[in-house]
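Written out below as structure tokens is the structure these notes cover.
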Amino acid sequence: MDIELACELPRVRAMVGPEGPQRPPLVTPGEIITHDTSFMRGHGTYMENNTQVASVAGYITRVNRLITVTPLRQVYQGAIGDTIVGRITKVQNNRWKVDVNSRLDAELRLVNIQLPGGEQRRSSLEDERGMRGLLREGDLVCVEVQKISNDGGLRLAARSSKFGKLSQGTLLGVSPSLIVQDKQRMHDLPCGARVVFGANGYVYVSPTVPEEQASTYTVNFEEVPVDVRKTIGRLRNCIKLLAHHTIMISPTSVMTAYDISIEQEFEIRDMLKPDVMQDVAIATVQAMNE
């Protein structure tokens, strides 16, 4: 009987290269990072007997003399200025509660949204009564983190035309640690779809819409063409397989996986089969490393 180690399998060997896998500086809780006391302690670390120790499982990041450990899996904590995607869970007086993939529901106040038509005015009692006409339970929104409360709750805002209610499309959730940090979160991809890479791990894929229609609070019920639906479905499956293989998710990696899936003529319905997912993931890593 012939037995092969996993690292000797052709697919894995092609992914890691001839010199073996490129191992990132991963640590586990309690593992010593450094004995050098000149380094500053960052998130995910603590000091014990003049030694810096990891408090979470993740990879080490050094910025000058600051050492942090970024968890491989984490609950979204939020940062001011983050663009995120959320789902309305409750409508209350002057505010909406929003599920943002965090331990607490976030808060979006009526005074912190741009009213329909781009009107810059104070919200009135009539606006408060018509809140369900703007956003109701189950609606998806693209918002910005405005403030973080002492208890960790997030205060949201949607004051510019690029934020607001999301219309037709599909939502999927991945680990926030897999989303590449980028100032620009909304991308119109060359394949003909718009993707919002929420910093909280919620990714929204939708048809490309004109800029003037992006922030309306009405739902577009026009039929989406079949070719656009196929594009959205293929993009969704590309993001799913990247997340399954712990590959960082960005416009570049998604489009690379998308192009490879077309070149190799994989059907959309087959892209979530384990062997197809692995083939596309390995080819994506190879293409991005060239």
Side-chain angles (χ1 to χ4, degrees), residues 2-24 26 59 72-73 85 101 166-182 184-209 223-290:
D2 294 330
I3 300 176
E4 282 187 304
L5 297 176
C7 61
E8 294 300 323
L9 293 176
R11 288 177 178 172
V12 178
R13 191 187 305 119
M15 186 172 182
V16 301
E19 299 180 357
Q22 300 297 318
R23 296 181 180 177
L26 293 174
Y59 57 90
L72 296 175
R73 293 289 185 270
V85 175
N101 198 26
L166 297 172
S167 188
Q168 299 186 80
T170 183
L171 176 74
L172 64 155
V174 301
S175 173
S177 60
L178 292 177
I179 303 294
V180 172
Q181 299 300 314
D182 189 359
Q184 179 63 28
R185 295 284 181 179
M186 307 172 193
H187 295 268
D188 289 330
L189 301 182
C191 59
R194 167 172 290 190
V195 183
V196 182
F197 297 91
N200 59 333
Y202 283 163
V203 182
Y204 189 76
V205 188
S206 64
T208 303
V209 295
E223 183 178 356
V224 179
V226 174
D227 58 333
V228 177
R229 295 204 300 270
K230 289 182 177 179
T231 297
I232 292 174
R234 186 175 293 273
L235 284 172
R236 176 191 179 277
N237 289 351
C238 287
I239 296 170
K240 291 282 287 184
L241 70 87
L242 292 176
H244 179 77
H245 287 278
T246 323
I247 300 172
M248 297 300 290
I249 297 171
S250 68
T252 302
S253 64
V254 171
M255 279 306 304
T256 301
Y258 180 90
D259 292 338
I260 289 171
S261 71
I262 292 180
E263 290 171 4
Q264 298 186 6
E265 299 181 351
F266 289 129
E267 294 290 336
I268 297 173
R269 63 176 178 270
D270 296 332
M271 287 180 61
L272 295 184
K273 293 180 178 179
D275 56 336
V276 175
M277 292 174 72
Q278 182 171 279
D279 287 342
V280 175
I282 292 174
T284 300
V285 172
Q286 290 176 331
M288 294 182 65
N289 288 335
E290 291 178 353

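All of these numbers come straight from a predicted model, not from anything done at the bench.
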Check: Val85 main-chain N/O paired with Asn200 side-chain donor or acceptor under 3.5 Å: yes

When rounded to the nearest 0.5 Å, the distance separating CD1 of Ile249 from CG of Leu178 is 5.0 Å

Between Asn101 and Gly201, the two heavy atoms sitting closest are ND2-CA, 4.3 Å

Minimal heavy-atom distance between Val205 and Ala193, with the atoms involved, is CG1-CB, 4.5 Å

Would you mind reporting whether Val285 and His245 have side-chain heavy atoms less than 4.5 Å apart? no

Less than 4.5 Å apart, any side-chain heavy atom of Val254 and any of Phe197?
-> yes

Under 4.5 Å between any side-chain heavy atoms of Cys191 and Leu235, yes or no?
yes

- Message: Around atom CD of Gln184, are there more than 12 heavy atoms from other residues, nucleotides or ligands closer than 6.0 Å?
- Response: yes

Of all heavy-atom pairs linking Thr256 and Ala287, the shortest is CG2-CB, 3.8 Å

Under a 3.5 Å distance rule, please check whether Arg229 uses its side chain to pair with a backbone N or O of Val224 as donor and acceptor. yes

Value for OG (Ser261) from CG (Asp279), rounded to nearest 0.5 Å, stands at 12.0 Å

When every non-hydrogen atom of Val228 is compared with those of Pro207, the smallest separation belongs to CG1-CB, 3.9 Å

In this structure, CE of Met288 is separated from CE of Met248 (nearest 0.5 Å) by 9.5 Å

Between Tyr258 and Arg234, the two heavy atoms sitting closest are CE1-CD, 3.4 Å

When rounded to the nearest 0.5 Å, the distance separating CZ of Arg236 from CG of Leu171 is 9.5 Å

The reported gap from CG in Asn289 to OG1 in Thr284 (rounded to nearest 0.5 angstrom) is 10.5 Å

One should read off an interatomic distance between Asp270 CG and Asp275 CG, to the nearest 0.5 angstrom, of 9.0 Å

Between Val276 and Met271 the two heavy atoms that sit nearest each other are CG1-CA, 3.8 Å

